[in-house]
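We name chains A, B, ... by the order of the sequence lines, and we start the count at 1 in each one. This one's a predicted model, so the numbers in the text were calculated from it and none came from an experiment.
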Amino acid sequence: MRTIGFMQAMNEALQEEMRRDPSVYVLGLGVHYSGTHPSVTAGLIDEFGAARVRSTPVSEAAVAGSCVGAALAGMRPVAQFSLADFVFCALDEILCKAGKWRYTHGAEGGMSLPIVFLETIGGYVSAASEHSQSPLALYAHAPGLKIAVPTTPYNAKGLLKTAIRDNNPVVFFPHKRLMGAQGPVPEEDYTVPFGQAEVRREGRDVTVVATSYMVTLALEAASKLEEQGVDTEVIDPLTLEPLDTERIVESVRKTGRRVVVDEDTERCGVGAEIGMQVVERAFDALKAPIQRVSNPNLPVPYSRPLEQAVLPSREKIEKAIQQTLAA
Amino acid sequence: MRTIGFMQAMNEALQEEMRRDPSVYVLGLGVHYSGTHPSVTAGLIDEFGAARVRSTPVSEAAVAGSCVGAALAGMRPVAQFSLADFVFCALDEILCKAGKWRYTHGAEGGMSLPIVFLETIGGYVSAASEHSQSPLALYAHAPGLKIAVPTTPYNAKGLLKTAIRDNNPVVFFPHKRLMGAQGPVPEEDYTVPFGQAEVRREGRDVTVVATSYMVTLALEAASKLEEQGVDTEVIDPLTLEPLDTERIVESVRKTGRRVVVDEDTERCGVGAEIGMQVVERAFDALKAPIQRVSNPNLPVPYSRPLEQAVLPSREKIEKAIQQTLAA
Amino acid sequence: MEPASEQLLEIYTNMVRSRAFEELVISIMPKGKIPAGWMSGVGQEGIVGALSGLREDDYVTYTHRGAYYFLCRGSDPGRILAELYGKRTGYCGGKGGRHLADTKHRLFGKSGTIGGHAPIAVGLATAVQIRGEDSVVMSFFGDGTSNRGTTHESMNLTSVWKLPLIWVCENNGWAGLTPSSMSTAYTDVADLAEAYSIPGRIVDGNDVLEVHEATREAVARARAGAGPSLIELKTYRIREFAEGGWFPTGYRDPEEVEAWKKRDPIERFRAVLLSRGVLTAGQVEEIQQKAVEEMQVAQKFADESEFPPVEDAFTDLYA
Amino acid sequence: MEPASEQLLEIYTNMVRSRAFEELVISIMPKGKIPAGWMSGVGQEGIVGALSGLREDDYVTYTHRGAYYFLCRGSDPGRILAELYGKRTGYCGGKGGRHLADTKHRLFGKSGTIGGHAPIAVGLATAVQIRGEDSVVMSFFGDGTSNRGTTHESMNLTSVWKLPLIWVCENNGWAGLTPSSMSTAYTDVADLAEAYSIPGRIVDGNDVLEVHEATREAVARARAGAGPSLIELKTYRIREFAEGGWFPTGYRDPEEVEAWKKRDPIERFRAVLLSRGVLTAGQVEEIQQKAVEEMQVAQKFADESEFPPVEDAFTDLYA
Ligand SMILES: Cc1ncc(C[n+]2csc(CCOP(=O)(O)OP(=O)(O)O)c2C)c(N)n1
Ligand SMILES: Cc1ncc(C[n+]2csc(CCOP(=O)(O)OP(=O)(O)O)c2C)c(N)n1
Ligand SMILES: [Mg+2]
Ligand SMILES: [Mg+2]
């Protein structure tokens, strides 16, 4: 299989879906760019023109809200916001409109809101507090939104296609540190389903649930611990809504121990939710308290050593695994 | 002790703090109102004038962000937003500016951000999905914000005074269904500290942690269950940041069983966080899985029977307590 | 160009129906059957003039105030009222309440935040433009709503993209307790049109014919692909901010209210039609009577409808 | 009124220092010591003319681009650079990075979202007004940023409240990859002034004296309690959107860039000062030399400073 980059994988998903379905269009800052610099939307304008590849002003609220309107009128907008940090300016539109509109107003007439919001997340690039956020829980907490968190070029392409074809609003979160990743991606059409976790590494001793770039760190920690004879299972949920709780619970039933890694701030985070779901469904199987590795409720600082201190690292994951094994 | 209403208690807190400290001012929609209709800010303009009681346009983002600026220049703004639902239009200002500004920029010069954001929460009044939210977790998830959730006229007044005197941004959440409550409130100056939970009912069998209007429902459930010989402890944290984890853990160590009641959507909610903290700190003491009673991730519907189906009720709390006892 | 007599009568009838609906709601309100408030459009029925120029395949986004949008587009007042009651037969199955929708008539739902519908209108118009259709979007907003950032972002975007959209401002001089003078730097909301390089026009919002004529022009412009415009209707809300008693009163000068009552858009239009002979006194009576009867039927329908079963709470989140 | 020779020299010197700082950063960038990007202000140094009319007790909110704000207000370039390196001696202790602050000089920090500083400026001016002081707030923003709703909400509020605030738009015609024509319905951002009923003025942003004169007037107005104004500086960014190589290039017409290079604000001002005899060739040399030396000292300071200890990550969240 050929190897391509993460951004190209996303770019291909957009291109192929736009070919497949004339109601798909993209909009966002600078999406009219058609040069050779790697970008998720590069070159689309050459094939699809300015009507379907709409460069926008810096008006995140209007852009996000316009997706709701366009979707109500039968289109399938894909909004490219670059950083998730900028989308705090449009949360009323996404959380309260896109997420709730069908439930509140759509009892009849087959109303649907097929929208994809692309929001890049993540730290580890010294971008400071307002350019490094990973606000997964913010969206997971809101009803009505599906949430995709790709980790490889393969699943980035497949999940993005699923997102575009889904009849509901999907927030799609690539990670800054994964955008440069390369990986095998088939030439032919395929999709990756929502709600099916991927077991990235099988293991008997402890279950680590990690999303986004945290999967990379978790796999590194698992390799390291292998040397010490610890057999770690690493589960990548791929989507947080729907969440494959079954697969996670199944793994915990096997290992009895669990660590959850989340780059986002810890309080009311995805780690808390996944943790509670395990407590609710597999309390009897738990041999030790669940460990969370996440940002201890701090903004992400700029300076490298400080950023490392705040964000999860391979070492912190290792330590958490060791602690849960010792408990 | 005299008995006054919840709104009057808040109104007095504002009045007394504005007298005490000329840097305190209020702003918001319609705060210039000086009639007799009960309101949190009624009449303040008569005593303090339009410079310190500033009626604003419907511009939530500018209003919230202006509090950050005014605080940086040494003022203590209190922004009245009426419903928390409207503040989704200003989340970049509150979550990313107010919450993070000091950490990101304030390493020197004693920067502080003494701001109070007043946001009424809650359902149970048929106000539908965009006027019934209780987005506690949204704020609890963000670093740098303190969160006060009053439940009686007494603690509403005392917590609001503490909030105004605090040198950090505080989000203060009264509940629609509590705004009409009456209760004893001393005439003399007092404050209610942040981070100290109130045990609203002592009990041996099970610990219920509830916030806001959920405390009322939990107390009703506890009374009901008393008839069946169940002795319920009801803990009201009063603030979610800082959170009195110690008091909660202590109670769970006593009862071994816990239910958490939260009107907000369940996923990544306050219930998940409090649950995980108990798991992390008192795993050994837990005799049964923690039960959550909260909105099962749905927008709040308008129609009464539907709203009742979605939101926590006395009956649902009773059932959860019985389940945890049976487990 | 004056509308034909038939259309004049239709406009008049819809104004009367709108008022009759308001009066129905006002009469019901004390009975507690409408659990939340209602924002009355009494006095602002000149808006019917804007709506009457639209086709079925056009889109409308609307404010929190009044039912004219629905009645003009063909919605059933019984189903509107049922929704306000929270009944299963309401247009949103009881889930939306006063944040009403009527999908079939391209009325997709009220935004709970004012200003929230402006970007949605942009999106509707974008869809039309991408598909190369000749529908238009008419987007109503209040003077208070003009202070929201979303209104500005959206107006800018409609202008840059030359979208087929007509912004219609219902300037009634107040946003809740707050007079425009306390909240708004521009005296005329139409001033924004110039800033955004689109045609702007101020009309007497209580003169339904002037409203009709101005919006008709703007609709024609949009339909021809010439882009957006902004029409400001100077009008007034006669009732308090909301029906239901939870809002302060007494903040307006009673004389101001009285003066505007004298400019009632329905009475004014009736006088014109009578003097022109388009309408007879008998027809006036008949139209009024029919509107009242229609609302009685509506009430009966709403009263007799069932509340939704509990299971309905758990459906419809996802498509 | 022309500024006195001394002030003219100060303006010139600050322009040269600003450019020297930019050149320093550009030279360092390939070395990887600045972990994130930097948005260069080369070509926009006419902004110094606006800053030079301010008092120490005035407030400034600023954009993501350039260091002129800091250098004019008295910040130490060594500490600025140390912050960009993420060193403990930086103004934010390494936590803010290019979202720089210098609290002592009333430069409270860059907003990570563009348009986020506009409401903050409103708040600063509100504080001044409530306390009855005569400070003013100068709030800079880019043409792209004028498309954000917060900009509009804030302008409206400053006008309604008559706040002592000067909006200064740095219109360089581009927002990232996007030319104004693709994003902005108004040709002149100053058009917004009229909408918000405040004085607006367009000036050649590369003519530092014109900038100075226009802003001085606006500052005087604000200081006298006569309210806000808007000044639009027509200028251009000569460098790419960001230094550091992560942004596309080649989207602008090279001729456009070349034409603007010929309008370099420093060269133009130098010619004026030389021709007027305010500046001699020797002084030109000396000012340039001193600026370069200052930046060398700055670099040494930043290079020799320590990274913050890990514990620093856990302080300063709450006051
Ligand atoms: C973002 C937001 N802020 C506040 C409110 C509460 N609110 C509902 S209507 C209204 C006044 C609107 O004034 P205007 O747009 O002039 O409409 P009118 O009521 O006069 O018809 C307000 C403040 C809201 N719904 N949304
Ligand atoms: C809300 C938000 N959206 C997008 C960005 C990314 N961004 C940073 S600078 C910039 C362009 C700003 O253009 P302009 O205001 O004209 O300033 P210039 O860079 O031209 O000086 C953008 C889009 C951001 N920081 N914040
Ligand atoms: Mg109004
Ligand atoms: Mg620009």
Side-chain angles (χ1 to χ4, degrees), chain A residues 22-25 27 48-77 79 89-90 92-93 96-115 143-146 166-169 241-242, chain C residues 59 61 83 88 90-97 99-104 106-113 115-133 135 137 139 148-158 160-161 163 308 312-313 315-319:
Chain A
S23 63
V24 179
Y25 72 100
L27 73 171
F48 304 104
R52 285 177 69 200
V53 182
R54 306 178 84 95
S55 207
T56 67
V58 189
S59 300
E60 279 79 3
V63 168
S66 82
C67 294
V68 175
L72 288 169
M75 301 298 290
R76 295 181 170 269
C89 304
D92 185 43
E93 282 64 34
C96 300
K97 307 299 180 285
K100 297 177 177 173
W101 206 268
R102 180 183 151 86
Y103 183 86
T104 309
H105 307 288
E108 64 182 39
M111 185 187 283
S112 69
L113 286 123
I115 309 170
L145 300 169
K146 297 195 178 176
D166 198 294
N167 280 331
N168 299 287
E241 167 63 19
Chain C
Y59 298 90
T61 72
E83 188 60 40
R88 194 182 200 181
Y91 278 110
C92 309
K95 281 180 183 144
H99 297 145
L100 278 168
D102 175 1
T103 308
K104 203 182 90 203
R106 299 197 163 185
L107 297 158
F108 288 121
K110 282 190 200 179
S111 166
T113 47
H117 62 279
I120 293 175
V122 168
L124 293 167
T126 305
V128 168
Q129 189 181 64
I130 293 177
R131 291 194 295 244
E133 295 164 352
S135 299
V137 180
S139 181
R148 280 285 325 278
T150 46
T151 306
H152 294 265
E153 292 188 356
S154 302
M155 276 191 196
N156 180 54
L157 209 41
T158 41
V160 172
W161 286 354
L163 293 174
D312 280 13
T315 59
D316 276 330
L317 182 63
Y318 290 115

Whatever's closer than 4.5 Å to a heavy atom in chain A on Arg106(C) counts as neither
Comparing Leu72(A), Asp92(A), Leu113(A), Val68(A) against chain C, the one with the most heavy-atom pairs below 4.5 Å turns out to be Leu72(A)
>> Using only atom types and a distance under 3.5 Å, with no angle test, would you say the side chain of Tyr91(C) pairs donor to acceptor with the backbone of Glu108(A)?
In response: no
Ranked by heavy-atom pairs below 4.5 Å to chain A, first place among Ala101(C), Ala319(C), Gly90(C), Cys92(C) goes to Ala319(C)
Rounded to the nearest 0.5 angstrom, the OG-CH2 distance for Ser66(A) and Trp161(C) is 5.5 Å
Here the gap from Asp316(C) atom CG to Met111(A) atom CE, rounded to the nearest 0.5 Å, amounts to 10.0 Å
Interatomic distance, NE2@His105(A) vs OG1@Thr103(C), rounded to 0.5 Å, equals 9.5 Å
Turns out that what part of Leu163(C) lies under 4.5 Å from chain A's heavy atoms comes down to side chain
Taking every heavy atom of Leu124(C) against every heavy atom of Gly69(A), the minimum-distance pair comes out as CD2-O, 3.2 Å
On a heavy-atom basis, the closest approach of Ala127(C) and Ala73(A) is CB-CB, 3.6 Å
Heaviest contributor of heavy-atom pairs below 4.5 Å to chain A, chosen from Thr126(C), Asp312(C), Thr150(C), Thr151(C), is Thr126(C)
>> Is there a side-chain contact (heavy atoms from CB on, under 4.5 Å) between Asn167(A) and Tyr318(C)? Walk through the geometry before answering.
In response: CA-CA 8 Å; Asn167(A) 280 331; Tyr318(C) 290 115; over 6 Å; no
Yes or no on side-chain contact (heavy atoms from CB on, under 4.5 Å) for Leu317(C) and Arg102(A), after CA distance, side-chain angles and deciding distance?
CA-CA 6 Å; Leu317(C) 182 63; Arg102(A) 180 183 151 86; over 6 Å; no
The interface call for Lys100(A) against chain C, heavy-atom contacts under 4.5 Å, is neither
Scored by heavy-atom pairs under 4.5 Å with chain A, the best of Lys110(C), Lys104(C), Gln129(C) is Lys110(C)
Whatever's closer than 4.5 Å to a heavy atom in chain C on Leu145(A) counts as backbone
The interface call for Leu27(A) against chain C, heavy-atom contacts under 4.5 Å, is side chain
Rounding to 0.5 Å, atoms CD (Glu153(C)) and OG1 (Thr56(A)) come to a distance of 9.5 Å
CH2 of Trp101(A) to OG of Ser111(C), rounded to nearest 0.5 Å, is 5.0 Å
Applying a strict 4.5 Å limit to non-hydrogen atoms, the region of Ser135(C) in contact with chain A is neither
OG of Ser23(A) to CZ of Arg131(C), rounded to nearest 0.5 Å, is 8.5 Å
